[in-house]
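Worksheet: the structure to be examined is printed underneath.
Numbers restart at 1 for each chain; the letters A, B, ... are given by sequence-line order, proteins then strands.
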2 protein chains.
Amino acid sequence: MATLAEVAKRAGVSPATASRIINGSPKPVTEALRERVLAAVEELQYVPHAHAQSLARANRSAIGVIVHDVSDPYFAEITRGLQRVATEHGRLVIICNSYRDPARELEYVELLRAHQVAALVLAGSGYHDEDFTRALTGKLQVYEQGGGRVAVIGRHQHAGDAVVPDNEMGGYLIGAELYARGHDRIGVIAGPKLLTTTTDRLTGLRRAARERGRTLPARRIAYADFTRDSGAAAAAALLDAEPGLTAIAALNDSMAIGALALLRSRGVDVPGQVSVTGFDDMPVARDVTPALTTVRLPLAEMGARAMTLALDGVGGGGNRIEEVGAELVLRDSAGPAPR
Amino acid sequence: MATLAEVAKRAGVSPATASRIINGSPKPVTEALRERVLAAVEELQYVPHAHAQSLARANRSAIGVIVHDVSDPYFAEITRGLQRVATEHGRLVIICNSYRDPARELEYVELLRAHQVAALVLAGSGYHDEDFTRALTGKLQVYEQGGGRVAVIGRHQHAGDAVVPDNEMGGYLIGAELYARGHDRIGVIAGPKLLTTTTDRLTGLRRAARERGRTLPARRIAYADFTRDSGAAAAAALLDAEPGLTAIAALNDSMAIGALALLRSRGVDVPGQVSVTGFDDMPVARDVTPALTTVRLPLAEMGARAMTLALDGVGGGGNRIEEVGAELVLRDSAGPAPR
DNA sequence: TGGTTACCGGAAAGCCCTTGCCCGCCTGCT
DNA sequence: AGCAGGCGGGCAAGGGCTTTCCGGTAACCA
């Protein structure tokens, strides 16, 4: 790999001059030299050593992003928003998948701090785990004190700014819709218990129930892991435990789609016999049959806003919180309760 | 941000000793010192400056990945495989989205080279563009000469190793299947003309036609851009131009799903009146109605294999090529041609 | 013509870390 | 008691780049 010194030598100038030309420093340089240097750069295919550069400049340019799993459409969509804004600002994004492992999340925070990222964006639900939360908050605070910026998506606590979708309201909307359509025995396919997203959505559902003098008994809640297949399995379990269910509310679209598949395989008509709802409004939600009634979260926008918060140092270290609304999307998978 | 010097000072040792303790160098160090240093690290929340470290060590550890768009399920799946292997090897992955812009792809190669990535993985179709191809090959060769490793997924030319799905065979399988079911007037929804993936799949389709003494006239080929909505639009155009079509072969699943949606909106029965096929076997393919007949590519595995090639320096700079088979997946969206 | 100013280029001091080399000191042997 | 041999620790030389500061030249003014 060519170095700056080599370029300088070839162009017959000092490294200082070469550096100034290459980086377009404000310091004026004669045209003749500029051309010689640029020619040398071209011939040697010189690219500045980014590490040496950021060491010398003490500047941080990359942005670290920690998500649960990029290949999950939920995070893919958030990431799209993040990337768009980052690219507009000429920032490189380093994406890390925690695969919902709190320990790995902590490791990645360290790793990204070591890489001198200018900002850290954590996307995805927090965990119900005191120790973890404390450890994470600690690390993030240290990072912020070191001049880093932090933005989180979809979790409450912690240092830094936050973009928070109204999961509780989303759950409420689903509940309200199902009760309004006369459903009474509603099964719920929840996500992992450990995730705050799961509890928030459940809380909304419970509030809707309570307002109508109903409850959500534990036997009608099956915990799965946000994947399609776990959703199918949970639906089977719910139905086996209580064949009289008239609706199944899944706490994300993937699991709802799994439930749909299971119901189809059992010959159950949706929404004739059982209504099904999802959550998130993934692009596929409109393409399954019946099209999924669900709750929309503006995922890409949430990503974009988080990145904007992170990049825009104003209010630096502040604890700005941007709430994002949830919106009911009515399609075909939820109908009136059968009589 | 704490530096090694500060840690050393606090522990009352030289930076050299601190470094050795922190990195677990083979050089033996007294237990007492070790504890003092580790305590200092803890108190100062010290994390080694990754850039300084890699500058000093002259080692490259991160891996650069360039894809068209991570939030596209096709690439999300490939990325999952890439990440898995990278993580197993303790490598950090830097993902860049080219959004199918050749110029941006070139820029990213430079950027990643500047970041001293140990290897570069390019995923996604190549382009029919001589100048671009030459430029890219040039840059990749320079990179390899500088000791970098290159692996590409789904494109032929260039330096480095390659994992190549048999797109041509996939197209052939689709064609063979449709002809076998008696279809004659087959419309094709192709991807961007510029992409080699499009041409490869089309070539397969054409070969199937030719073997049966048929052809694929240009008017029955609509070019779209691999997205669902463009697929719907292309289906509309095909049908309007030639209402008698009995089958539509989309060159990826997203476009097939768009076509499905369009046909449903027009009240056309699939597969009763028109058969539809996809390509790639995305997870959603089995959840739409009717479930999509398509061609499976083992995307995650392709990613994993490419990363393995990239990491495994043996045969360094070699031009190893791993072919990956395509496999027909029969579901419900393709039936016999109506009489 | 002498002196001032402006301007351009280079020398060198870091940025933070790793590591080869050297140097004391203690141990153990003779 | 004297010496070899380890062992544990520090010194200092980079690794590639930026940037401050300084010096030399040329242009300009009086």
Side-chain angles (χ1 to χ4, degrees), chain A residues 1-38 40-41 44-62 110-111 113-118 146-148, chain B residues 1-38 40-41 44-62 110-111 113-118 146-148:
Chain A
M1 293 281 262
T3 71
L4 181 64
E6 289 167 31
V7 171
K9 189 167 163 198
R10 184 176 191 111
V13 300
S14 76
T17 305
S19 168
R20 288 194 268 256
I21 292 173
I22 291 169
N23 298 298
S25 111
K27 184 138 185 167
V29 175
T30 321
E31 191 55 29
L33 290 194
R34 148 168 286 106
E35 278 167 20
R36 289 222 306 274
V37 169
L38 294 181
V41 165
L44 296 174
Q45 286 278 334
Y46 169 75
V47 181
H49 191 298
H51 293 151
Q53 213 166 25
S54 75
L55 182 58
R57 284 191 185 143
N59 84 335
R60 303 136 159 241
S61 91
E110 299 277 82
L111 185 75
R113 189 151 76 87
H115 275 259
Q116 308 294 110
V117 292
Chain B
M1 293 283 263
T3 70
L4 181 64
E6 289 167 31
V7 170
K9 190 167 162 198
R10 183 175 193 111
V13 300
S14 77
T17 305
S19 168
R20 288 194 267 257
I21 290 173
I22 292 170
N23 299 298
S25 109
K27 186 137 187 171
V29 176
T30 322
E31 192 55 29
L33 289 193
R34 149 167 285 106
E35 279 167 18
R36 289 223 304 275
V37 168
L38 294 181
V41 165
L44 297 173
Q45 286 277 336
Y46 169 75
V47 182
H49 190 301
H51 293 150
Q53 215 166 23
S54 77
L55 183 58
R57 286 192 184 139
N59 83 336
R60 301 135 161 245
S61 90
E110 298 277 82
L111 185 75
R113 189 150 77 87
H115 276 258
Q116 308 294 112
V117 293

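OP1 and OP2 of D/dG16 both lie 4.0 Å or more from every side-chain N or O belonging to A/Gln53. OP1 or OP2 of D/dT18 lies within a sub-4.0 Å distance of a side-chain N or O belonging to A/Ser19. Residue A/Thr17 places at least one side-chain N or O under 4.0 Å from the OP1 or OP2 atom of C/dG10.
Side-chain contact check for A/Met1 versus B/Arg113: some heavy-atom pair is nearer than 4.5 Å. For the pair A/Val13/A/Arg20, no side-chain contact is recorded, criterion being any heavy-atom separation below 4.5 Å from C-beta on. Put simply, the side chain of A/Thr17 does not reach to within 4.5 Å of the side chain of A/Arg36, judged on heavy atoms. By the 4.5 Å heavy-atom criterion applied to side chains, B/Val29 and B/Val37 are not counted as neighbours. For the pair A/Glu31 and A/Arg34, the minimum side-chain heavy-atom distance is below 4.5 Å.
Side-chain proximity of A/Ala56 to D/dC17, C/dG10, D/dG15: nearest is D/dC17. Closest to the side chain of B/Ala52, out of D/dG16, C/dC17, D/dC21, is C/dC17. In the set C/dG10, D/dG10, D/dG16, C/dG10 carries the atom at the smallest distance from any side-chain atom of A/Lys27. With D/dG16, D/dT19, D/dC11 as the candidates, the nucleotide lying closest to the side chain of B/Ala16 is D/dC11. For B/Pro28, the side-chain atoms get nearest to D/dG8 when compared with the rest of C/dG10, C/dT18, D/dG8.
Rounded to an integer number of Å, the gap from NE2 of B/His115 to P of D/dG15 is 22 Å. In this entry the distance linking CG of A/Leu44 with P of D/dG16 reads 14 Å, nearest Å. Protein atom CZ of B/Arg20 is 15 Å distant from nucleotide atom P of C/dC17, rounded to whole Å. Rounded to a whole Å, the CG atom of B/Leu4 is 20 Å from the P atom of D/dG14. Protein atom NE2 of B/His49 is 14 Å distant from nucleotide atom C1' of D/dG15, rounded to whole Å. B/Met1 has its CE atom 10 Å from the P atom of C/dC16, to the nearest Å. In this structure, the NE2 atom of A/His51 is 12 Å from the P atom of D/dC17, given to the nearest Å. Rounded to a whole Å, the CD atom of A/Glu31 is 11 Å from the P atom of C/dG9.
In this structure, A/Tyr46 and B/Gly12 both approach DNA chain D, and ranking their closest nucleotides by distance from the 5' end singles out B/Gly12. Of the two residues contacting DNA chain C, namely A/Leu55 and B/Pro15, the nearest-nucleotide position lying further toward the 5' end is that of A/Leu55.
The base of D/dG16 has none of its N or O atoms less than 3.5 Å from a complementary donor or acceptor on the side chain of B/Arg57.
Within the nucleic acid shown, A/Ala58 has no heavy atom closer than 4.0 Å to any nucleic acid atom.
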